[in-house]
Peer 1: 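What follows is a single structure, and I will ask about it in a moment.
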Amino acid sequence: MRPPINLDKQCGLIVVDMQEDFMDGGPLGIPGARDLIEPINRVVSLFDKKGLAIFFTRDWHPSNHCSFKDYGGKWPVHCVSDTKGASFASGLLLPQRYQVISKATDAAEDAYSGFKGTDLGKLISNMDVKKVFLVGVATEYCVFETALDAIGLGLETFIIGDCISGVEEGKAQEALHSLEEAGAFIIKSSDIK
Ligand code: VGL
Ligand code: ZN
């Protein structure tokens, strides 16, 4: 059994893409995404109470984004900036202090990672965050790519397994395996305190 992980000031939380369009029933609904809101809220509140860094990434596409089927991509239209579908999931706890990271904002470029084309790396390093904890969706896309970039930056990277959900179960499991091989730790929300 893993000993509890004591959160200290070098710990930061990254909540990945918990937006309406990715919730069950949305155009890119990820099975079980809405069920994550409650456990994620508990984790957010834990980080908030301790005054630790909290980042919310969001997919923030222009209406002609290259990832959309009509523009040569593989996805239905989702998370168009400033629409209801792009807003944070209803019921998601937005704490007292947090930073929003908007990504994939250029029509011609997709970005699954919260680090790609954003200030996230700089913010994390300025805040002296050395350990990141990831929750959100989708496991094999944006959680996966964000985690890989975090590892690449030398951050100790923890994925909270009961706070993530994937588009396809098989692919999500594979993604978690490769993340473990790359050095990430898959933990449970009950492991942190
Ligand atoms: C995502 C598909 C398209 C994600 C974003 O957040 O994992 N998936 N855009
Ligand atoms: Zn997208």
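One-based numbering, in listed order, for ligands and for the atoms of each.
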Peer 1: Under a 4.0 angstrom heavy-atom cut-off, which atoms of ligand 1 come close to Tyr141?
Peer 2: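 Under 4.0 Å from Tyr141, ligand 1 has these atoms: 7 (O).
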Peer 1: Taking non-hydrogen atoms only, is Val137 closer than 4.0 angstrom to ligand 1 via side chain, backbone, both or neither?
Peer 2: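 For Val137, the contact with ligand 1 is made by the backbone alone.
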Peer 1: What I want to find out is whether Lys50 reaches Asp48 closely enough, with some N-O distance under 4.0 Å, to be called a salt bridge.
Peer 2: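 Salt bridge: no.
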Peer 1: Taking side chain as C-beta onward, heavy atoms only, is Met127 less than 4.5 Å from Gln99?
Peer 2: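 Counting from C-beta outward, Met127 and Gln99 do come under 4.5 Å.
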Peer 1: Can an N, O or S atom be found in His65 less than 2.8 Å away from the Zn ion (ligand 2)?
Peer 2: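 Given the 2.8 Å cut-off, His65 does not count as a ligand of the Zn ion (ligand 2).
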Peer 1: Looking at ligand 1, would His78 count as a contact under a 4.0 Å heavy-atom criterion?
Peer 2: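 His78: in contact with ligand 1 (<4.0 Å).
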Peer 1: Quick one: nearest non-hydrogen protein atom to atom 4 (C) of ligand 1, plus distance?
Peer 2: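 Sorting protein heavy atoms by distance from atom 4 (C) of ligand 1 puts Cys142 SG, 2.8 Å first.
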Peer 1: In the protein, which heavy atom is nearest to atom 9 (N) of ligand 1, and how far is it?
Peer 2: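 Among all protein heavy atoms, the one nearest atom 9 (N) of ligand 1 is Asp59 OD2, 3.0 Å.
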Peer 1: Could you tell me whether the side chain of Asp149 and the main chain of Phe115 form a donor-acceptor pair under 3.5 Å?
Peer 2: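 It does not hold such a pair.
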Peer 1: Is the distance from the ring center of Tyr71 to that of His65 below 6.0 Å?
Peer 2: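 Centroid distance Tyr71-His65: not below 6.0 Å, so no.
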Peer 1: With a 4.0 Å cut-off, would you call Asp128 and Lys9 a salt bridge?
Peer 2: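 Looking at Lys9 together with Asp128, the answer is no, because their closest N to O distance does not fall below 4.0 Å.
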Peer 1: Among the N/O/S atoms of His61, select the one at the shortest distance from the Zn ion (ligand 2) and name it.
Peer 2: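 In His61, the N, O or S atom with the shortest distance to the Zn ion (ligand 2) is NE2.
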Peer 1: Nearest protein heavy atom to atom 6 (O) of ligand 1, by residue and atom, and its distance?
Peer 2: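 Residue, atom and distance for the closest contact: Asp17 OD2, 2.6 Å.
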Peer 1: Please find the N/O/S atom of Asp59 nearest to the Zn ion (ligand 2) and write down its name.
Peer 2: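 In Asp59, the N, O or S atom with the shortest distance to the Zn ion (ligand 2) is OD2.
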Peer 1: Using a 3.5 Å distance criterion without hydrogens, assess whether the side chain of Glu20 forms a donor-acceptor pair with backbone atoms of Ser90.
Peer 2: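 Here the side-chain-to-backbone pair exists.
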Peer 1: Does a salt bridge link Arg58 with Asp17, judged by any charged N lying under 4.0 Å from a carboxylate O?
Peer 2: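 No.
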Peer 1: Relative to the heavy atoms of Ala138, which atoms of ligand 1 are at a distance of less than 4.0 Å?
Peer 2: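 This gives 4 (C), 6 (O), 7 (O) as the contact atoms.
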